[in-house]
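Heads up, the thing below is written out as structure tokens.
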Amino acid sequence: MTDTSLTRALLAVCLCATVVAGSVPATATASAADGSLTADEALQQLQGFEDEPAFQTYSEFEVLRSQAVTAVQVGTFTDADRKRMQAVLTVLTRFVDAYDEAQNGSRIDSLALANETAAAIDALRAAGGTQYATLARLGLERFYRVQGDALYERARSAANTSTQLRYLDAAAQAFKAGGAASRYSQVSAEESRVRATFRADRQRMLRAMNQSAAFLNRCGESCTSPTGAVASLGVGVFGQYQNARAAAADARTAVRLAEKHGLQEAAARASSLSESIAAARLALALAGSLLGFVYAGLLGTVAMLVAIRVATWAQDVDGSQVGRVVPREPVEVADQ
């Protein structure tokens, strides 16, 4: 028999019991001398739940309420009855609170109130209200399953992993409390996969942030300005610039992973590191350009001096040839 069929059968039995009990004359007594709940007060409070939207949606609680209304008007209102009716009212109140939270969109908060309802149902059963408790448990389990479906849908559309994990965990707990074993297993397995990915990405993010921070610590004051970088590092500027590029890539990775998983504090820290590395990288780039200009100037100066020296040498060679007499070869004239 399915859950729905079982629920309908129990509701039918309980409605019949209500009709039979209603034919008995009412002889409710007044409250005890200690001022505890009276039959009239219990009846008034039970009637106050009439047309309650929560009970219209979850009719098991409306049947429970109707049975309690009949019971409180029948027979002598003993101390056991008083304790039982007080437990019934607690169950109804807690469930209405849980339902209202869910209707307002606070699904996770509604689960906490549903758990309070479950505890109240246990107290009701202990007070001798087994029939009431059975009805309430059926309605509450259906409520849990509905919330589980809603929470799972929120998990699927979550903006980041942290939120997704929160909804998946709540959905799994709701399905477990609602007796939906297969759905509980499915959602729990999905949560485990997402959590494993989250942990791996978090470790990668932390490693990238540590590497970025280590670069800034090594670079220190030498990366705050181009002239300072040239003075401190010399030709090492070019190697440090390559390190800055790697650190910038690490910082971008950290920012991306932190934002993906909704780690706001980590994202803020990674963004700060990224900005600091970008400034250091710019200073190193300018320092490299400055150093290149200096080297180019020195090389040009050396080249110019060499060119001047070569030109002077050429002039000296040409000058040494001036005034030099080159003897002419004798010319033989043939006899005519």
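Computed from a prediction, not measured in an experiment: that's the story for all the values here. The residues of the chain are indexed from 1 along the displayed sequence.
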State whether the number of non-hydrogen atoms from other residues, nucleotides or ligands found under 6.0 Å of [X] atom [atom1] is greater than 12.
X      : atom1 : value
Arg166 : CZ    : yes
Gln264 : CD    : no
Glu153 : CD    : yes
Gln242 : CD    : yes

Drop me the distance from [X]'s [atom1] to [Y]'s [atom2], to the nearest 0.5 angstrom.
X      : Y      : atom1 : atom2 : result
Phe143 : Leu113 : CZ    : CG    : 8.0 Å
Gln56  : Asp51  : CD    : CG    : 6.0 Å
Leu92  : Gln45  : CG    : CD    : 10.0 Å
Leu168 : Gln173 : CG    : CD    : 11.5 Å

Next item on the list: Tell me whether the centres of the aromatic rings in Phe95 and Tyr58 are closer together than 6.0 Å.
Entry: yes
Under 3.5 Å donor-acceptor, [X] side chain and [Y] backbone:
X      : Y      : answer
Ser59  : Glu62  : no
Arg107 : Gln147 : no
Tyr167 : Ser157 : no
Ser162 : His261 : yes
Asp81  : Thr78  : yes
Ser272 : Ala268 : no
Asp169 : Leu165 : no

Note to self: Please tell me whether Val69 and Val63 are part of a single hydrophobic cluster in this structure, the criterion being side-chain heavy atoms less than 4.5 Å apart.
What the structure shows: yes
Checklist line | Cluster link Leu140 to Val91, ILVMFWY, side chain under 4.5 Å | finding: yes
Notebook entry, point to check: Does a side chain donor of either Thr253 or Asp250 reach within less than 3.5 Å of an acceptor in the other side chain?
Noted result: no
Next item on the list: Quick one: list whatever passes salt bridge (Lys or Arg N to Asp or Glu O under 4.0 Å) with Asp109, sequence neighbours left out.
Entry: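 So Asp109 forms no salt bridge (Lys or Arg N to Asp or Glu O under 4.0 Å) with any residue.
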Checklist line | Under the salt bridge (Lys or Arg N to Asp or Glu O under 4.0 Å) test, residues paired with Arg125 that sit two or more places apart | finding: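 Here no residue qualifies.
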Next item on the list: In sequence, state the C-alpha distance, the side-chain angles, and the governing distance for Leu135 and Gln67, and then conclude on side-chain contact (heavy atoms from CB on, under 4.5 Å).
Entry: CA-CA 11 Å; Leu135 279 169; Gln67 287 187 357; 4.0 Å; yes
Item checked: Counterpart residues, side-chain hydrogen bond (donor to acceptor under 3.5 Å, both in side chains), relative to Glu191 (two or more places apart) ->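 With neighbours one apart ignored, the set is Arg195.
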Next item on the list: For residues Ala247 and Ser212, report the shortest heavy-atom separation together with the two atoms involved.
Entry: O-OG, 3.3 Å
Checklist line | Minimum heavy-atom distance between Ala118 and Tyr144, given as atom pair plus value | finding: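 The answer is CB-OH, 4.2 Å.
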Next item on the list: Tell me, with the steps shown, if Arg65 and Glu52 meet salt bridge (Lys or Arg N to Asp or Glu O under 4.0 Å).
Entry: CA-CA 11 Å; Arg65 187 195 72 84; Glu52 170 60 47; over 6 Å; no
